[in-house]
Number of protein chains: 2
Amino acid sequence: MDKDCAGVDPVSILDIARRAKVSPATVSRVFNRPEKVSGATREQVRAICRELGYRPNASASTLRTQRSRVLGVILPTLTNPVFAECLQGIAQATAALGYSIMPATTDYRVEIEQEAVTTLQSFGVDGTILVVSDAETSIALQMLAQRQRPYVLVYNRHPDHPTVSVAGDTALRDLVHELVQLGHRRIAMVCGQLDASDRAQQRLAGFMQGMHKAGLTPQPLVQVPFVETAIEDVARVLRAPSRPTALVCSNDLIAIRALRAAHECGLRVPADLSITGFDGIRLGHDLTPILSTVVQPNQDMGRHSVELLLRALREGRQPTTSESITLPYHFFRGESCAQAPF
Amino acid sequence: MDKDCAGVDPVSILDIARRAKVSPATVSRVFNRPEKVSGATREQVRAICRELGYRPNASASTLRTQRSRVLGVILPTLTNPVFAECLQGIAQATAALGYSIMPATTDYRVEIEQEAVTTLQSFGVDGTILVVSDAETSIALQMLAQRQRPYVLVYNRHPDHPTVSVAGDTALRDLVHELVQLGHRRIAMVCGQLDASDRAQQRLAGFMQGMHKAGLTPQPLVQVPFVETAIEDVARVLRAPSRPTALVCSNDLIAIRALRAAHECGLRVPADLSITGFDGIRLGHDLTPILSTVVQPNQDMGRHSVELLLRALREGRQPTTSESITLPYHFFRGESCAQAPF
DNA sequence: CTGAAAGCGCTAACAC
DNA sequence: GTGTTAGCGCTTTCAG
């Protein structure tokens with residue numbers, strides 16, 4: 001046997017056709033409509049493909065069929081485990097269904113969201129999964145909608161778009177209730193750059209509702225725009241005379257830094273101070289104290305968005321707002337949150 | 001003006017050519033060799049492209065030029081922040097250089113590594129960045145090498161392949177030395193599934209060297225194959241009569257769980273027990289105690305691998321082993337590691 | 001500096 | 001069940 005293994009040069013459908021003494025169309029059918037090919041030739045073609053290590057050229061088939069079997073993914077950053085976990089879910093779900101992904105990170109910058117949309121578009125992605133800074137104002141989103149390109153938002157919640165998300169506002173409303181039950185009165189919300197995340201805004205809104213319902217005046221909002229200074233920013237608040245007894249953080253990463261700030265201020269968590277997060281990143285469960293947080297099924301959110309998008313694609317349509325999924329969350333009590341101190 | 005914004009239907013180079021009263025070749029040149037087009041027509045064509053929201057079809061150009069401007073990326077999982085951070089670096093570097101990425105996660109399974117290579121190949125990626133379970137035996141790697149497809153390994157270290165990595169063995173050798181200086185004698189290594197990671201094996205080797213050099217007998221290796229039982233597995237060791245005074249963990253995720261195990265056993269870190277990790281994930285710095293760990297520049301490792309690969313690509317060749325980069329690490333003392341107890 | 005034309009690899013009518 | 005053929009959108013000689 002001259003060569004029993006795949007070589008260096010690219011093999012085309014024509015090479016296979018020639019070797020198998022069939023037409024290229026037949027080879028193509030073996031891959032796309034195997035049932036339309038007689039068992040004998042099918043197996044023979046397959047054997048040759050295997051021998052030559054042939055795989056159809058995706059660009060050619062995309063060009064021809066106008067379907068790429070690729071999904072675009074636009075995320076703020078992979079540095080936050082929420083999105084990394086979600087992307088992991090997306091990667092698994094797509095791979096299982098024969099799709100590939102093309103992700104882009106925006107670092108929360110809207111111009112980059114737009115750029116990402118256009119490059120992904122130029123690759124002919126069949127659909128796009130994205131989390132934008134603000135669904136209400138996102139140009140990237142408008143571009144997709146206007147050009148009628150299938151897409152789903154993840155994490156973002158908005159009535160005018162198909163989304164896969166969790167009710168962050170309700171979650172925080174309920175969370176405040178729990179804290180109040182635990183005797184907390186001086187409760188402060190801590191969040192990052194509000195204008196870079198409509199999720200944070202919604203969570204804040206829920207927080208305010210909860211406080212209002214409980215007849216409490218929220219402590220001044222603690223904003224920690226930069227990770228570099230986050231711990232210090234929180235520490236400052238904790239050193240103030242009538243410091244809060246509970247810190248409700250808009251995400252787990254911030255909560256972990258708040259934990260650190262408490263430590264630096266000599267406060268014990270949860271004895272002196274309760275701290276809660278939001279997101280349910282895997283790592284939170286292994287911390288000491290175990291992070292109290294609103295757990296979202298991050299990987300599943302990714303999986304669901306893939307399924308929602310591909311279902312629509314299969315039916316030759318775009319996802320609709322009526323298909324939007326609100327996934328359940330649950331407040332995980334953990335160890336960083338307890339009875340208020342006296 | 002009938003339409004001042006991009007429409008729904010795909011615009012091709014022919015549409016632009018027609019509107020601009022030039023040939024498609026000229027439009028193509030405007031994008032690929034703008035200097036070969038007169039200033040006037042160039043600007044006119046650009047204006048029309050902007051007006052119609054035209055972007056060249058990437059599949060068509062890939063098919064024609066045999067260059068995709070896409071890099072494949074193969075990683076074990078995005079659930080471990082090391083790889084997520086690295087991918088973030090890759091995403092940034094590629095985007096800055098006009099490339100896109102197509103990642104796949106393998107969950108440490110070699111069959112999936114292979115599948116990933118073939119699908120990426122079918123998309124005509126210009127090169128591949130990967131971290132494999134074991135560079136020595138990886139079939140995926142052999143496939144790339146044999147077919148002469150450009151690739152770089154990240155994290156893996158192997159003399160026969162171009163790599164971007166850190167000297168994990170040396171790092172652990174030195175780390176053991178530090179621990180010994182701090183008075184530790186009963187030191188145990190904790191690692192995950194050794195056969196799923198040649199990095200862990202190399203780190204273990206370095207650990208053994210270090211122990212040997214110090215004339216110490218290593219405590220029995222603690223293996224924590226599954227995350228679900230990791231804390232318990234470590235706790236068991238910590239409850240043994242002559243427990244170790246220091247735990248050297250093969251990565252940060254394991255170290256964090258070891259921290260938890262110590263807590264569950266009523267041991268104070270670092271007073272009663274020192275714990276070190278490896279990787280330098282961002283979060284480790286914000287923990288309490290701050291994780292002592294061997295810090296690798298994860299995002300930079302991603303960036304370097306992109307640059308190494310693209311440099312070779314630009315020069316029309318494959319990366320060579322002589323271009324392999326060993327990046328510096330540093331042991332970050334943190335707070336989880338201190339003098340041995342008496 | 002610009003245009004004409006061929007063809008990258010594949011698929012989907014449409015014949016047979 | 002199988003083959004023939006046209007063409008997806010683009011780039012790139014080669015002429016002019």
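Every chain is numbered from 1, with letters handed out A, B, ... down the list of sequences.
Rounded to whole Å, atom C1' of C:dA5 lies 10 Å from atom CZ of B:R64. Following rounding to the nearest Å, B:K36 (NZ) and D:dA15 (P) show an atom-to-atom distance of 16 Å. When rounded to the nearest whole Å, the span between CZ of A:R18 and P of C:dC10 equals 12 Å. For the pair B:L63 CG and C:dG9 P, the computed distance is 7 Å after rounding to whole Å. With rounding to whole Å, A:N57 atom CG is found 13 Å from C:dG7 atom C1'. Computed from coordinates, the B:D15 CG to D:dG9 P distance equals 9 Å when rounded to whole Å. Between the NZ atom of B:K21 and the C1' atom of C:dG3 there is a distance of 16 Å, given to the nearest Å. When rounded to the nearest whole Å, the span between CZ of A:R69 and P of C:dC10 equals 16 Å.
Residue A:T41 is classed as a sugar-phosphate contact, given heavy-atom separations below 4.0 Å to backbone atoms only. Nucleic acid contact for B:Y54: sugar-phosphate only, since backbone atoms but no base atoms lie under 4.0 Å from a heavy atom of the residue. A:V22 comes within 4.0 angstrom of the backbone, heavy atoms only, and of no base.
Ranking C:dC10, D:dG9, D:dT2 by closeness to the A:A60 side chain, first place goes to C:dC10. The listed nucleotides are C:dC10, C:dG7, D:dT2; the one nearest the side chain of A:I13 is C:dC10.
Between the side chains of B:Y108 and B:D195, no donor-acceptor pair is found at a separation under 3.5 Å.
Residue side chain A:R29 reaches the base of D:dG3 through a donor-acceptor N/O pair under 3.5 Å, judged by distance alone.
Both A:S12 and B:V37 lie close to DNA chain C; mapped to their nearest nucleotides by heavy-atom distance, the more 5′-ward contact belongs to B:V37. Along DNA chain C, the nucleotide nearest to A:P56 and the one nearest to B:A25 differ in position, and the one closer to the 5' end is contacted by B:A25.
With respect to the salt-bridge test (charged N to carboxylate O, under 4.0 angstrom), the residues A:R19 and A:E51 qualify. A salt bridge between A:E323 and A:R317 is present, with a side-chain N of the basic residue lying under 4.0 Å from a carboxylate O of the acidic one. Residues A:R109 and A:E115 are not paired through a salt bridge, judged by the lack of any N-O separation under 4.0 Å between the basic side chain and the carboxylate.
Residue B:S61 places no side-chain N or O under 4.0 Å from the OP1 or OP2 atom of D:dC10. For D:dT11, the OP1/OP2 oxygens have a side-chain nitrogen or oxygen of B:N32 closer than 4.0 Å. For C:dC10, the OP1/OP2 oxygens have no side-chain nitrogen or oxygen of A:S28 closer than 4.0 Å. Remark: B:S23 is in phosphate contact with C:dG3, judged by side-chain N or O atoms under 4.0 Å from OP1 or OP2. Between B:S38 and C:dT2 there is a side-chain N or O to OP1 or OP2 distance below 4.0 Å. The side chain of B:Q66 contributes an N or O atom lying less than 4.0 Å from OP1 or OP2 of C:dG9.
Annotation: the span from A:N156 atom CG to A:L130 atom CG amounts to 8.0 Å, rounded to 0.5 Å.
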Determine, step by step, whether A:Y54 and A:F31 satisfy the ring-ring contact (aromatic ring centres under 6.0 Å, His included) criterion, reporting the C-alpha distance in whole Å, the side-chain angles of both residues, the deciding distance to 0.1 Å, and the verdict.
-> CA-CA 11 Å; A:Y54 169 76; A:F31 283 93; 5.7 Å; yes
